[in-house]
Amino acid sequence: MSRIELDGLTKVYGSDVVAVDDIDLTVKDGEFVTLVGPSGCGKTTTLRCIAGFETVTDGRIAMDDREITAEPPYRRDVGMVFQSFALFPHMTVEENVAYGMRVADRDFSDTEVDDRVTEMLAMIELPGIEERMPSQLSGGQQQRVALARALALNPGALLLDEPLASLDEKLRKQMQAELSRIQKDLGVTTVFVTHNQEEAMTMSDRIVVLNDGEFEQVGSPDTVYHEPESIFVADFIGKANVFRGSVTGGEEGVVDVDTDTGVLKATADDRLDAGTDVGVVVRPEGISLERHETEDAIGDGGTRANVTAGEVNLVQMLGGTVEYRVYTDAGTELIVTTQAGEQRATPIERGDRVRVSFAAERARALSIESIVENRVVDVRPEIEAETGS
Amino acid sequence: MGDDRLPDGGTVRGSDRERERTRGGLLRALTGGTVDLPGSIARLYLGACLAFIVAPIAIIVAISVTPEQFLTFPPNGFSLRWFDEVLSNADWQLALLNSLVIAAGASVIAASIGLSLAFAIDRYDVRYTSFLRGIGVLPILIPPVIIGVAFMSYFFLIGISGTLLNLVVAHGVFYSPFSLVLISTGLDEMDRSVEEAAMNLGATQWQTLRTVTFPIIRSNVFSGVLFAFILSLNEYIIAFLVSGFTVTTVPIKIFSSLRYSYSPTIAAISVLYIVLTTAVVATVEYYTGGIWN
Amino acid sequence: MAGETETETPYTRDRSESSGRLRGWLNDRSESIVLGYPLAMLALFFAVPLFLLIATSFYPKPSGEYYQVGFTLEHYRRLFTVPLYFRRLGFTVALSMATAFGCLAIGYPVAYTLARMDSRLRRRVYITTIVSTMWLTYIIRSYAWTVILSKNGVLNEFLLTIGAIDTALSLTPGIWALAIGMTYVFLPFAILTLYSSINNIDPELEEASKNLGADRFQTFRNVTVPLSKNGIYSAWMLVFILALGAYIVPRLLGKPAQWTLPVIIGNQSLNNLNVPFGAALSIAMMVVVIVILVAGYELLGLGSEEMAGAGGGTDG
Ligand SMILES: Nc1ncnc2c1ncn2[C@@H]1O[C@H](COP(=O)(O)OP(=O)(O)OP(=O)(O)O)[C@@H](O)[C@H]1O
Ligand SMILES: [Mg+2]
């Protein structure tokens with residue numbers, strides 16, 4: 001298995017469509033890296049550059065220590081699973097899986113080929129379908145055959161472009177597990193592309209968040225979720241509440257931010273000078289709710305930071321969690337989730353007045369400068385709906 | 001014609017309302033309401049049109065098996081003597097051979113032009129693709145007599161005329177648009193990632209073409225070849241103008257025979273042509289799963 | 001599998017660099033070959049002959065020779081001054097339009113019935129039959145109508161036998177034979193073009209219309225026909241263009257007074273050996289065809305492929 005190195009990779013279509021802009025990435029041997037990002041951000045282009053279907057405009061691509069930037073696709077040691085599966089419609093499953101061996105420079109004996117096909121079909125748990133045509137397979141089966149075909153030659157790396165996108169929810173869950181199992185068993189270096197951020201969270205060793213051809217953040221699912229480096233990432237991965245404001249002061253990694261909701265205290269990694277425009281990001285599960293019967297302002301005279309009041313707009317049961325939409329007195333809508341099991345004396349319902357609070361440690365102040373205009377930030381339900389799980 | 005009903009033959013929702021509105025309630029009442037009047041009219045009409053299309057050809061077939069010298073209908077008996085006469089006549093044999101050779105050569109040329117142009121338009125980053133497509137399709141849009149006159153004076157000018165090869169080239173170029181359109185359609189409809197998958201699995205461009213691309217568009221290529229073949233076989237005016245009176249094909253010979261007589265031999269050779277044409281069309285239909293379906 | 005990845009497995013590609021220089025060269029050069037070949041063929045055997053035809057139409061025609069290289073406007077003058085040729089052009093256009101309308105009128109119901117037929121097998125048999133007659137040379141098909149319509153032909157014999165007429169009618173050659181023959185040979189093109197257009201209409205749209213209370217005729221008029229509008233335009237255009245170029249049907253089924261422009265062109269070029277004048281007539285005719293094609297493209301949005309796509313056979 002191999003390590004993949006992208007060094008300053010740049011791809012420009014035509015004269016001005018910069019699909020991938022100077023990215024550096026090393027995918028370690030056996031690692032599972034997922035590329036996520038909004039539509040058109042360059043995920044597919046990156047994969048196609050690695051597979052050799054696009055001539056790169058600038059930068060280099062290497063596998064282990066061999067540079068492959070200029071190699072044609074058929075001399076690169078990477079397997080690819082296409083979103084459409086791209087099974088050869090005129091060949092049986094067996095011929096599909098054996099294709100790589102049949103066209104290889106090396107001669108494989110018929111028994112070698114047969115053995116390998118049998119082995120691969122056993123691996124994808126579809127033994128005995130050798131003679132079927134692709135059109136006689138279900139979506140999930142086609143998906144597995146495409147995987148078997150890509151892996152039949154033990155490629156140094158595996159590239160998957162939204163392979164699960166066309167499957168229904170249940171099958172997708174099942175295939176996620178299957179794919180993870182096979183990937184772990186083989187230890188094959190994998191670059192995976194998905195639109196589905198939940199899929200990215202559950203399957204990957206590392207997540208790369210791409211935006212407009214550039215990296216927003218690279219890190220483990222945990223890091224990307226809990227320590228987003230930009231509001232874009234916070235917004236794209238999982239759900240986030242964002243309060244816009246500007247820094248008024250602070251000390252030691254905690255800053256005060258003046259927002260419509262009042263002064264909020266939030267952690268900050270970088271030094272943020274007073275006056276900097278920031279967004280304070282709080283995950284829905286970082287906020288707590290309490291019943292708050294009176295109409296007046298917050299109980300203890302407004303001295304506590306990160307507390308506000310509002311009215312519950314919507315209560316939704318989502319499997320293990322309960323999601324509330326709270327319309328605050330300051331005029332923003334917040335998403336709050338709690339564990340479904342959490343007992344309350346009287347459950348909070350739609351129309352109830354509530355007190356909303358969160359600890360400074362659960363809030364991150366992130367500079368707004370890096371944000372692409374149209375993704376900012378006035379967090380409305382539409383945007384969450386788009387990125388929500 | 002039992003089951004070819006119009007789809008609305010009283011089976012769709014809202015048919016009750018429709019029935020009330022349909023005129024012809026009297027007829028329906030007389031027939032007990034079981035006759036689907038517009039449906040049967042449609043079927044009758046279809047039958048009449050098919051008869052209109054097939055009857056003249058059926059009459060030729062009938063004449064070809066008439067034992068007598070003069071055209072009679074209905075025929076008084078059955079005989080294959082005219083087929084025998086046609087097939088043992090050296091002139092007809094030569095004409096038939098010429099026609100087949102020209103058609104074979106023309107279909108190869110037509111297919112090679114159509115195939116390469118379709119690929120070039122599809123594959124390479126050539127500009128002016130719609131212009132190239134237009135050029136490729138143009139020959140079929142120009143009246144054949146004009147093509148014929150143009151070829152006639154062109155071949156005359158370059159000093160090579162009246163050979164089989166002239167006809168092969170003329171027919172080949174004239175019928176290349178069919179290959180182009182059919183193969184372009186095949187390439188457009190093909191999922192491009194299938195070729196990328198092949199290369200990803202280690203196939204070179206040539207191997208990909210041979211093992212993946214070509215098999216997928218094979219029926220389109222064959223249809224193009226067969227179309228050019230059958231059309232060349234049946235082409236008259238271009239062949240006649242280009243032949244310079246020295247090469248005789250079956251249509252040319254039928255045409256000139258018609259000036260002098262309506263001998264049943266013409267019906268016999270026509271029947272051979274009908275059989276050949278129908279066989280080729282049925283093959284294309286079979287191969288492509290019905291281009292018109 | 002898990003353990004195997006550590007050991008040497010035989011199932012890897014041998015990525016030797018030996019794929020050959022020739023192949024690389026071919027890949028680089030392939031574009032010019034793949035594009036160059038058809039363009040060369042079309043240039044050499046299509047564009048050049050056509051340009052030559054234009055040139056030829058300006059060559060003088062000394063008697064006893066095909067032509068002489070030179071320049072004269074004599075042929076175009078003749079074309080414009082002798083009223084015969086414009087009348088012929090007018091007749092050709094009128095006949096072609098009539099044929100196109102006739103084919104539409106007869107063909108549309110057939111195409112509709114075929115498209116809405118339940119039995120696939122029956123439909124395929126019908127379509128194969130129609131397509132087969134379509135590709136059969138116009139000579140044989142015109143010949144069949146000669147046999148039917150001639151003085152001692154099938155039709156006359158039938159009418160005499162039943163006593164409908166006393167003396168045999170002389171129908172061919174003649175305008176009725178010509179009209180029937182033209183409609184007959186081009187009908188399949190119209191049917192197939194209309195069929196594929198109607199076939200693309202989702203039957204549920206018709207059902208929806210009926211569900212909303214429209215009767216069969218209203219549905220047909222308000223839903224089916226508008227949705228197959230492009231098919232109707234293409235079919236009309238296709239038949240019109242093909243009919244303009246028809247040579248054999250007018251030649252065999254029409255009286256000399258009803259011979260169309262292509263027949264005149266053929267005669268000038270072959271029988272009178274006046275190739276330059278034939279060329280001038282060809283150019284005039286081509287201008288008409290191009291104007292019509294461009295009009296079809298601009299007004300009706302038909303592409304060249306739609307017009308050729310149904311399989312424009314030729315009356316040649
Ligand atoms: N062949 C091409 N020619 C020109 N521009 C292209 C081409 N392919 C992609 N692009 C552009 O490059 C950018 C990146 O495209 P890419 O397909 O990599 O996006 P993606 O991240 O895979 O999107 P999606 O999630 O929708 O699949 C887009 O702006 C796209 O329009
Ligand atoms: Mg993509």
Side-chain angles (χ1 to χ4, degrees), chain B residues 3-7 12-14 17-18 21-22 38 42 45-46 49 53 56 59-60 73 113 116-117 119-120 124 134-135 137 139-141 143-146 149-151 153-154 169 173 177 181 202 204-205 230 234-238 251 254-255 258 270 273-274 277-278 281-282 285 290 292, chain C residues 13 19 27 31 34-35 37-38 41-42 45-46 49-50 52-53 56 109-110 113 116-119 122 124 127-128 131-133 135-137 139-140 143-145 147-148 154 192 196 203 207 210-211 213 215-216 245 247-248 262 265-266 269 275 278-279 282 286 304-305 308-309 312 314 316:
Chain B
D3 52 355
D4 7 305
R5 292 210 246 141
L6 290 173
V12 276
R13 281 163 300 153
R17 202 181 328 167
E18 181 201 332
R21 285 162 185 262
T22 315
Y45 186 81
L46 179 69
C49 282
I53 288 170
I59 288 173
I60 295 185
F73 194 84
I113 293 176
S116 51
L117 194 55
F119 258 94
Y124 301 118
I135 295 285
V137 174
I140 207 69
L141 293 173
V145 70
I146 296 177
V149 174
F151 271 122
S153 52
Y154 174 65
V169 170
V173 170
V181 171
T204 60
Q205 268 149 303
I230 203 70
N234 284 291
E235 173 63 43
Y236 168 72
I237 187 63
I238 294 181
I254 295 178
F255 194 91
L258 281 177
S270 296
Y273 252 56
I274 292 166
T277 305
T278 309
V281 169
E285 282 282 305
W292 283 277
Chain C
R13 302 179 229 204
S19 284
N27 290 338
E31 175 164 352
V34 173
L35 186 58
Y37 164 73
M41 287 296 281
L42 287 171
F45 296 112
F46 180 66
L50 280 185
L52 229 102
L53 191 71
T56 311
V110 177
T113 313
R116 294 288 176 257
M117 190 173 264
D118 293 333
S119 155
R122 200 185 288 268
R124 266 183 94 160
I127 287 177
T128 307
V131 176
S132 303
T133 70
W135 296 138
L136 188 63
T137 178
I139 299 179
I140 294 177
Y143 157 63
W145 281 102
V147 169
I148 295 172
V154 178
L192 288 177
S196 46
E207 289 174 7
K210 287 178 185 149
N211 180 255
D215 67 27
R216 212 187 281 253
Y247 174 91
I248 286 169
I265 293 173
S269 310
V275 178
S282 299
M286 209 141 85
S304 53
E305 283 183 33
T314 59

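Predicted, not measured: the structure shown is a model, and the values here were computed from it. Chain letters run A, B, ... following the sequence lines, proteins first and then strands; every chain starts at 1.
Scanning all heavy atoms of the two residues, the minimum distance from C:V110 to B:C49 falls at CG2-SG, 3.4 Å. Of all non-hydrogen atoms in B:L46 and C:M117, the two that sit nearest each other are CD2-CE, 3.4 Å. Taking both residues in full, the closest heavy atoms of C:L50 and B:A150 are given as CD2-CB, 4.1 Å, listed atom of the first, atom of the second, then distance. Between B:I146 and C:S282 the shortest heavy-atom distance is CD1-O, 3.4 Å.
Here the OH atom belonging to C:Y37 is positioned 5.0 Å from the CD1 atom belonging to B:I113, to the nearest 0.5 angstrom. Remark: B:T277 OG1 to C:I140 CD1 distance equals 7.0 Å, nearest 0.5 Å. The distance from the CD1 atom of C:I248 to the CG atom of B:L258 is 10.0 Å, given to the nearest 0.5 Å. Taken to the nearest 0.5 Å, the OG atom of C:S132 stands 11.0 Å off from the CD1 atom of B:I53.
Heavy-atom distances place both the backbone and the side chain of C:S269 under 4.5 Å from chain B. Heavy-atom distances place both the backbone and the side chain of C:L136 under 4.5 Å from chain B. With a threshold of 4.5 angstrom between heavy atoms, B:V149 approaches chain C through its backbone and through its side chain.
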**Study point:** Evaluation steps, side chain to side chain contact (heavy atoms under 4.5 Å, CB included), between C:V131 and B:T278
**Key:** CA-CA 8 Å; C:V131 176; B:T278 309; over 6 Å; no
Point to revise | Stepwise side chain to side chain contact (heavy atoms under 4.5 Å, CB included) check, C:V147 with B:I60 | key: CA-CA 8 Å; C:V147 169; B:I60 295 185; 5.7 Å; no
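The side-chain heavy atoms of C:V34 and B:L117, taken from C-beta on, include no pair separated by under 4.5 Å.
Most heavy-atom pairs under 4.5 Å with chain C: of the set B:S270, B:A282, B:P143, this distinction falls to B:S270.
Ring geometry for C:Y247 against B:F255 counts as tilted: the plane angle lies between 30° and 60°, on a 0 to 90° scale.
A search for side-chain contact (heavy atoms from CB on, under 4.5 Å) contacts involving B:P251 returns B:S99, B:Y236, B:T249, B:Y273, C:I139, not counting sequence neighbours. Judged as a side-chain contact (heavy atoms from CB on, under 4.5 Å), and not counting sequence neighbours, the contacts of B:I135 are B:F131, C:L42.
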